[in-house]
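Please read the structure below before turning to the comments.
Each chain gets a letter, A, B and so on, in the order the sequences are listed, and its residues count up from 1.
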Amino acid sequence: MTNSFTQIKNLANFKDKEATIAGWLYNSRSSGKIQFLIIRDGTGLCQCIAEKGKVPDELFEELRHLGQESSLTVTGAVRKDERSVGGYELAVSGAEIIHTTTDYPITPKSHGIDFLLKHRHLHLRSQRQWCIGKIRHTVIDAIRRFFNDNGFILIDTPIFTAMAGEDTQTLFGVDYFGEPLHLTQTGQLHLESAAMSFGKVYCFGPTFRAEKSKTRRHLTEFWMVEPEVAFIDLDGLLELAENFVSFIVAQVLQKNKSELEALGADTATLSKIRPPFYRLTYTEAVEILAGERTKEFLAKQLEELKGQKEQTEKRIAGLEEEQKGQIKQWKREKNAAELIELRTELDEVNVRIENNPKHAKLAAGFQWGKDLGGSDETIISQMHDKPVFVTHYPKAAKAFYMKTDRGNEKVVLNFDLLAPAGFGEIIGGSVREDNHNLLVERIKDQGLNIENYTWYLDLRKYGSVPHGGFGLGVERTVAWVTGERHIRQCIAFPRLMDRVYI
RNA sequence: UCCCCGAUAGCUCAAUUGGUAGAGCGAGCGGCUGUUAACCGCUAGGUUGUAGGUUCGAGCCCUACUCGGGGAGCCA
């Protein structure tokens with residue numbers, strides 16, 4: 001059935017010829033003798049023009065009353081027209097209605113996030129989600145392509161696992177025939193053993209974390225890709241990570257230009273994402289955070305926000321004044337719509353103004369030894385126009401498996417990659433401790449049961465080599481690239497803390 | 001777990017100091033031959049999240065609860 005219909009993305013090939021498309025009614029406008037039907041078919045949007053006299057009267061009336069998201073096929077001549085959404089439109093000669101829809105809940109006007117999440121199964125049809133879904137597909141395709149083309153072997157690591165990468169408090173427990181297991185939070189430990197067989201490996205799958213985090217950066221179930229490489233040092237890992245991320249961004253720019261534009265993403269800044277990325281050590285980052293530069297940066301940001309607030313308030317007051325007077329009806333309605341927008345904007349600015357001094361205080365009081373907080377990462381990230389590596393974190397704040405810097409025992413050979421313009425961490429990685437006895441010490445130091453790690457320690461007994469890897473969060477990457485502020489929009493069916501609709 | 005904010009028509013939001021609950025969209029009907037979230041006219045649509053309290057009078061004030069949003073810790 002599918003094969004006999006023309007896909008909307010291919011309409012250009014049918015210029016001045018007849019085509020039949022099959023899809024759903026996305027939106028329609030009628031002007032008495034002429035109707036504009038916007039059809040979506042999963043590959044794009046197409047405006048179909050139905051003119052009275054050129055289609056049977058009965059069909060014309062039927063189309064005029066057709067509800068949003070009704071399914072149908074439309075036949076007509078394909079012609080180029082600048083005024084049309086995709087550049088091409090269909091002059092309708094016939095149509096077959098497959099299913100009539102009434103009262104589709106998601107209208108072309110604005111909706112709140114709660115309503116949209118409750119209707120996620122339908123929301124996936126809307127343009128914004130469709131664009132994000134296409135870009136996510138490209139990101140995942142680019143991830144696999146990059147590793148497959150660079151000599152990495154795919155290893156599927158288990159989802160049921162007894163191993164804990166970090167601490168067990170953030171894991172989802174599972175009753176495995178009476179045995180307590182949990183859902184994986186990383187494939188890394190298993191992957192290390194595979195790296196000793198294949199050299200360069202990666203795993204890619206869902207990951208589960210029971211962190212009680214209610215922020216725009218967190219999901220309890222998300223997708224993560226983790227490469228692991230034998231015979232590599234920290235510099236090698238950074239180089240791998242920057243080439244990898246640059247490749248993903250380049251692929252999205254190449255394949256999803258129109259989707260990026262539809263989403264309002266910053267393609268100019270994205271096209272500058274090329275190696276080398278900025279490199280900071282943790283110690284340098286702390287100096288920046290606690291220093292004058294951050295103080296000035298945040299103070300300037302606060303001034304800008306206050307200015308923005310003042311302007312928005314002025315505009316709101318002006319509009320409110322105008323609404324009190326005698327004005328045309330259409331102007332009154334337009335003002336009301338603008339007021340709603342401005343009030344939302346004002347709310348956001350107020351939250352940022354409220355947070356700014358808190359973040360400034362956290363940054364100024366930052367003590368060497370603590371892990372970087374979310375707001376600290378945001379500040380560093382906002383100061384840069386390209387991704388930033390932060391390396392060499394304090395050993396005490398990090399996981400047991402990270403390799404101690406032999407030149408400075410207080411830090412480990414690890415790194416985070418912060419996406420620019422405030423998006424924050426998208427990668428975390430490290431060189432792994434490869435000395436058997438040092439690793440035993442670290443396991444004991446952190447109060448972990450050494451018996452659980454005998455196989456992991458074996459890797460350091462039989463031909464131990466320097467090795468390392470990292471994990472990249474798919475949804476965070478998609479959010480950064482698309483400019484979407486919340487990662488829940490970057491996966492089809494998000495799992496949030498206390499919130500699973502379907 | 002902690003801090004801040006919110007809940008009014010199917011949806012997005014108004015409602016002055018506590019004084020008769022309104023608008024747009026959506027739905028239905030009608031009009032309009034090039035619309036871009038089209039436009040114009042008419043119609044229907046409400047126990048203001050729940051329970052209690054203050055008051056002559058509560059959408060608005062107070063208390064508790066439920067649900068949601070934003071942020072913190074932690075992290076990809």
Side-chain angles (χ1 to χ4, degrees), chain A residues 26-38 45 47 49-54 64-65 67-68 81-85 89 102-119 127 165-167 169-170 185-186 207 209-226 320 323-324 329-330 332-337 339-341 343-344 347-348 350-352 354-355 358-359 362 370-375 377-378 397 399 416-419 423-429 470-477 479-480 485-487 496-499:
Chain A
Y26 189 68
N27 195 8
S28 68
R29 289 177 284 274
S30 146
S31 185
K33 304 280 188 324
I34 184 167
Q35 289 176 50
F36 305 90
L37 308 168
I38 313 287
L45 291 177
Q47 175 163 276
I49 315 297
E51 288 182 67
K52 196 157 191 170
K54 295 189 179 171
R64 207 157 71 86
H65 294 281
Q68 189 192 345
D81 194 312
E82 291 301 320
R83 294 168 293 186
S84 215
V85 251
E89 60 182 28
T102 49
D103 299 327
Y104 184 70
I106 303 177
T107 66
K109 293 279 171 171
S110 63
H111 300 278
I113 187 62
D114 186 41
F115 180 80
L116 291 175
L117 281 176
K118 280 178 178 154
H119 293 85
Q127 272 303 285
E166 278 139 54
D167 79 292
Q169 298 209 315
T170 60
Q185 62 161 186
T186 171
T207 250
R209 299 203 183 164
E211 291 157 6
K212 301 215 168 170
S213 303
K214 261 180 70 172
T215 81
R216 66 185 63 171
R217 290 201 291 277
H218 287 87
L219 295 168
T220 53
E221 176 183 316
F222 64 96
W223 284 66
M224 180 162 72
V225 59
E226 298 174 86
E320 278 173 344
Q323 295 292 71
K324 282 181 193 162
Q329 187 64 22
W330 67 267
R332 186 179 298 281
E333 281 153 20
K334 201 172 176 184
N335 286 350
L339 275 171
I340 289 169
E341 224 165 273
R343 282 184 185 128
T344 313
D347 279 350
E348 274 168 26
N350 277 332
V351 170
R352 294 189 62 190
E354 199 184 312
N355 284 336
K358 291 186 201 164
H359 293 173
L362 280 173
K370 286 194 307 179
D371 207 348
L372 290 179
S375 65
E377 287 180 351
T378 305
D416 281 352
L417 179 65
L418 311 181
F423 279 91
E425 184 177 350
I426 56 171
I427 286 182
F470 58 83
L472 172 125
V474 169
E475 290 77 15
R476 285 188 181 179
T477 304
W480 162 50
R485 48 185 278 114
H486 205 301
I487 66 167
L496 304 152
M497 174 193 157
D498 296 335
R499 209 142 202 265

hbond_proxy Arg29(A) side chain to C32(B) base (donor-acceptor, 3.5 Å cutoff) = no

message = Please give me the minimum heavy-atom distance between Arg209(A) and Met224(A), naming the atom from each residue.
response = NH2-CE, 3.7 Å

task = Would you mind reading off the distance between Ile427(A) atom CD1 and C75(B) atom P, rounded to a whole angstrom?
result = 17 Å

message = In whole Å, measure the gap between the P atoms of G49(B) and A58(B) for me.
response = 15 Å

ask   = Less than 5.5 Å between centroids and less than 30° between ring planes, does Phe36(A) satisfy that with G34(B)?
value = no

ask   = For the side chain of Gln47(A) and the base of U35(B), is some donor closer than 3.5 Å to an acceptor across the two?
value = yes

task = Please tell me if the side chains of Ile113(A) and His486(A) come closer than 4.5 Å, counting only heavy atoms from C-beta onward.
result = no

message = My understanding is that only residues two or more places apart in sequence, or in another chain, count here; which of them pass side chain to side chain contact (heavy atoms under 4.5 Å, CB included) with His111(A)?
response = Ile106(A), Thr107(A), Phe115(A), Leu116(A)

query = Just how far, in rounded Å, is P of U35(B) from CG of Leu45(A)?
reply = 19 Å

task = Go through G34(B), C75(B), A38(B) for me and flag the one nearest to the Asp371(A) side chain.
result = C75(B)

key: Same-atom distance (P) from A9(B) to G73(B), integer angstrom   = 36 Å

Protein N or O to nucleotides 27-29 of chain B N or O, pairs below 3.5 Å:
residue, atom, partner, partner atom, Å
C29(B), OP2, His65(A), ND1, 3.4

query = Separation of Glu211(A) atom CD from G73(B) atom C1', in whole Å?
reply = 10 Å

message = Give me the distance, rounded to whole Å, that separates C75(B) from G18(B) when you measure between the P atoms they each carry.
response = 48 Å

query = Looking across every strand, which nucleic acid part, if any, lies under 4.0 Å from Leu472(A) by heavy atom: base, sugar-phosphate, or nothing?
reply = nothing

request  = Rounded to the nearest angstrom, tell me the gap between atom CZ in Arg83(A) and atom P in U35(B).
outcome  = 7 Å

ask   = Backbone N or O of Arg217(A) within a donor-acceptor pair of the Arg476(A) side chain at under 3.5 Å?
value = yes

ask   = What are the two closest non-hydrogen atoms of Pro108(A) and Asn27(A), and how far apart are they?
value = CG-OD1, 4.0 Å

Could you pull out the protein-nucleic contacts involving nucleotides 4-7 of chain B (nitrogen or oxygen on both sides, under 3.5 Å)?
none

inquiry  = Applying a 4.0 Å non-hydrogen cut-off, can you work out what Thr207(A) is touching in the nucleic acid: base, sugar-phosphate, or nothing?
reply    = nothing

query = Which whole number of Å gives the distance between the P atom of G46(B) and that of A64(B)?
reply = 33 Å

inquiry  = What is the distance, to the nearest angstrom, from the CD atom on Glu221(A) to the C1' atom on C75(B)?
reply    = 16 Å

query = Expressed as a whole number of Å, how far does the C1' atom of U55(B) sit from that of C74(B)?
reply = 49 Å

request  = Sticking with atom P, work out how far U47(B) lies from G22(B), rounded to a whole angstrom.
outcome  = 15 Å

inquiry  = So that I can compare with my own list, what are the stems of RNA chain B, taken as at least three consecutive Watson-Crick or G-U pairs with distances under 3.5 Å?
reply    = B:1-7 with B:66-72, B:10-13 with B:22-25, B:27-31 with B:39-43, B:49-53 with B:61-65

inquiry  = Is the shortest side-chain heavy-atom distance between Trp223(A) and Thr207(A) below 4.5 Å?
reply    = no

inquiry  = Rounded to whole Å, please give me the gap between CD in Gln35(A) and P in C39(B).
reply    = 16 Å

Heteroatom pairs (N/O) under 3.5 angstrom, protein to nucleotides 43-46 of chain B:
none

message = Working to the nearest 0.5 angstrom, can you tell me the gap between Ile426(A) CD1 and Glu475(A) CD?
response = 12.5 Å

key: Proximal nucleotide (of U12(B), C32(B), U35(B)) relative to the Ser31(A) side chain   = C32(B)

task = Taking all heavy atoms of Glu226(A) and all of Gly471(A), pick out the closest pair and write down the distance.
result = CG-CA, 3.8 Å

key: Side chain Glu82(A) and base G34(B) donor-acceptor under 3.5 Å   = no

inquiry  = Would you measure the distance from the C1' atom in U20(B) across to the matching atom in G59(B) and give it in whole Å?
reply    = 14 Å

ask   = If we take the C1' atom in both U66(B) and G26(B), what is their distance in whole Å?
value = 29 Å

request  = Would you name the heavy atoms of Asp416(A) and Gly428(A) that are closest together and state the gap between them?
outcome  = OD1-CA, 3.6 Å

task = To the nearest Å, give me how far apart NZ (Lys54(A)) and C1' (G34(B)) are.
result = 12 Å

message = Suppose we call a contact any N or O donor and acceptor under 3.5 Å apart; does that hold for the side chain of His218(A) and the base of C75(B)?
response = yes

Atom pairs under 3.5 Å, N or O on each side, protein against nucleotides 69-72 of chain B: can you list them with distances?
residue, atom, partner, partner atom, Å
G69(B), OP1, Arg499(A), NE, 3.3
G69(B), OP1, Arg499(A), NH1, 2.7
G70(B), OP1, Arg488(A), NH1, 3.3
G70(B), OP1, Arg488(A), NH2, 2.9
G70(B), O3', Arg216(A), NH2, 3.3
G71(B), OP1, Arg216(A), NE, 2.5
G71(B), OP1, Arg216(A), NH2, 2.2
G71(B), N7, Lys214(A), O, 3.4

ask   = Asp81(A) has an atom CG; how far is it from atom C1' of G34(B), in whole Å?
value = 8 Å

ask   = So what does Phe222(A) hit on the nucleic acid, given a heavy-atom distance under 4.0 Å: a base, only sugar-phosphate, or nothing?
value = base

